[in-house]
J.: 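Mind looking over this structure? Questions follow.
Numbers restart at 1 for each chain; the letters A, B, ... are given by sequence-line order, proteins then strands. All of these numbers come straight from a predicted model, not from anything done at the bench.
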2 protein chains.
Amino acid sequence: MSATASDIALAVSTVIFALRPDDQGGDESPAPGVWLPLVRRIREPHLGRWALPGGSVVVDESLEAAARRTLAETTQLEPTYLEQLYAFGDVDRSPDRRMVSIVYWALVRPDEAEKVSLGENVRWFAADDLPELAFDHNLIVDYALWRLRTKMEYSRIAHAFLGPMFTLAELRSVHEAVLQRPLDPANFRRQMESSGAIVPTDQVVTGGRHRPPRLYRYNSDIELVDVGPLTLRRSS
Amino acid sequence: MSATASDIALAVSTVIFALRPDDQGGDESPAPGVWLPLVRRIREPHLGRWALPGGSVVVDESLEAAARRTLAETTQLEPTYLEQLYAFGDVDRSPDRRMVSIVYWALVRPDEAEKVSLGENVRWFAADDLPELAFDHNLIVDYALWRLRTKMEYSRIAHAFLGPMFTLAELRSVHEAVLQRPLDPANFRRQMESSGAIVPTDQVVTGGRHRPPRLYRYNSDIELVDVGPLTLRRSS
DNA sequence: CCAAAAGTGTTGCCTCTACACCCATGC
DNA sequence: GCATGGGTGTAGAGGCAACACTTTTGG
């Protein structure tokens, strides 16, 4: 009950999602799946196990800044989307000392994902085929996946996996990869168009073996209204 | 970057909602509104201002347990519903030292709400007519209100404001108070019945000036599937 | 009987889904 | 021409809002 500092360690961790082909050396165009990078622990507890990237919060940075910093330090990633997930603080979640983790979840584009410096201690894993992770990180990833899938259905976060311009087929394949089921191209098109979330450009993609698809851009005016009043915090 | 303890104070706070008549001494049956109890700060910073109930986390209790304990200590309330809201950790949210607050939000029944020991330092406030609160607590309440209203539309949390048995009119008045708009009794009945969330009992309420309404009970089998995989944590 | 709230029926609108069909390009 | 994915049209099912209507009580 000290008024100046606590005996509880405060950390941030981040679940970063990217879309990658499920079979990297196999077929020419396999359906993409959800992957995430993990880092190997180089100290006890859980030495050698894979864990979410993260670290301690420095006293003069916000929680979100801490998430971005530790993410860059461990994986060199700069996410296009970053949102708080949950604060995990059960008493026994770390074997050696009491630890409270503020967990964020993030999305990165495939080209950004390539910048991850792979090595002995950083690797990509398919989100639905993880080993036993350190601490309660399996539970955390499950929750983050649930949030990703839930939010993909009612919100417009799919563009965070893509570049500034994209075809409707690309956007649809993002949804299909996350939701793990095929979507009707015709209905998907109408839903996206009527939502006002995307804006057609006057450019098309040539070079395919078929009719050239139109390129779209995200409509930044119609911003997602699904974070509630917390978006106001950015302006203050 | 110490590995044992941080210079960051860790606290929990809770936004507790209850339904109360908006005009307490006025008309015979005014439409109820959303109220919350606040405590007056008895030390700096923000001495004298109203603030959310809360306190420090003890090293051997979970975050949720800390929320329940501090809530009981300051207001004697034991909520029927308690869920984590958000972790607030901006650098400048407390003027004297760095503080990270894990905020919960809770619902209590009106009869429970009466147990609050009112006095100089604890008072109920209408949620849409608050004074300037300590720290960033106005923002926090706004966010909690948004979550309450959003969740009321897709989830079944309204019963947390009621006792074990209730009429459809009572359940509807809870929705109307939270959503601040009238609902069609006929359509509301069908939505609730078809959702399977409520079970009719064989009891009715007599004594009114009209046809006696049937009493309903909540169906605990169909539990809310809207918290995701985190509900599994309770069993572990 | 009358007032008032409980409870039921019905209609029309809107959205989503499934699927048929046309369009534009490379080969 | 033909294969392929881009893009449009459309009929049926289901959900929801609005509102008319019947039922059951107290006075």
J.: Output one letter per nucleotide in nucleotides 9-16 of chain D: B when a protein non-hydrogen atom lies under 4.0 Å from the base, S when only the sugar-phosphate is that close, - when neither is.
T.: BB------
J.: For A/Asp136, what residues pass the side chain to side chain contact (heavy atoms under 4.5 Å, CB included) criterion, not counting sequence neighbours?
T.: A/Phe88, A/Arg93, A/Ile140
J.: What residues, two or more places apart in sequence or in another chain, satisfy ring pair (Phe, Tyr, Trp, His ring centres under 6.0 Å) together with A/Phe188?
T.: A/His175
J.: Which residues pass the side chain to side chain contact (heavy atoms under 4.5 Å, CB included) test with B/Val199, not counting sequence neighbours?
T.: B/Asn219
J.: May I have all residue pairs that pass salt bridge (charged side-chain N to carboxylate O under 4.0 Å, His left out) and include part of residues 100-117 of chain A, sequence neighbours excluded?
T.: A/Arg20-A/Glu114, A/Arg109-A/Asp111, A/Glu112-A/Lys115
J.: Among residues two or more places apart or on two chains, list those pairs meeting salt bridge (charged side-chain N to carboxylate O under 4.0 Å, His left out) that have a residue in residues 161-171 of chain B.
T.: none
J.: Compare every heavy atom of B/Tyr104 with every heavy atom of B/Glu64, then report the nearest pair and how far apart it is.
T.: N-OH, 3.3 Å
J.: With a 4.0 Å heavy-atom cut-off, tell me which residues in residues 161-174 of chain A come close to DNA chain D, sorted by residue number.
T.: A/Ala169, A/Arg172
J.: Going by the rule side chain to side chain contact (heavy atoms under 4.5 Å, CB included), which residues pair with A/Ala134 if we only count those two or more places apart in sequence or in a different chain?
T.: A/Arg41, A/His46, A/Arg49, A/Ala51
J.: Just the endpoints, please: which first and last nucleotides of DNA chain C, 5' to 3', lie under 4.0 Å from a heavy atom of chain B?
T.: C/dA4 to C/dT10
J.: Tell me which donor-acceptor pairs under 3.5 Å the side chains of residues 119-133 of chain A have, and how far apart each pair is, sequence neighbours excluded?
T.:
none

J.: Taking atom types as they are modelled, would you say the side chain of B/Arg209 forms a donor-acceptor pair with the base of D/dT25 within the 3.5 Å cutoff?
T.: no
J.: Under 4.0 Å, counting only non-hydrogen atoms across every strand here, what does A/Gly208 touch: a base, just sugar-phosphate, or nothing?
T.: sugar-phosphate
J.: In whole angstroms, how far is the C1' atom of D/dT25 from the CZ atom of B/Arg211?
T.: 9 Å
J.: Under the ring pair (Phe, Tyr, Trp, His ring centres under 6.0 Å) rule, collect the residues that match up with A/Phe166, sequence neighbours excluded.
T.: A/Tyr218
J.: B/Ala72: what forms a side chain to side chain contact (heavy atoms under 4.5 Å, CB included) with it, not counting sequence neighbours?
T.: none
J.: To the nearest Å, give me how far apart CZ (B/Arg214) and P (D/dT24) are.
T.: 12 Å
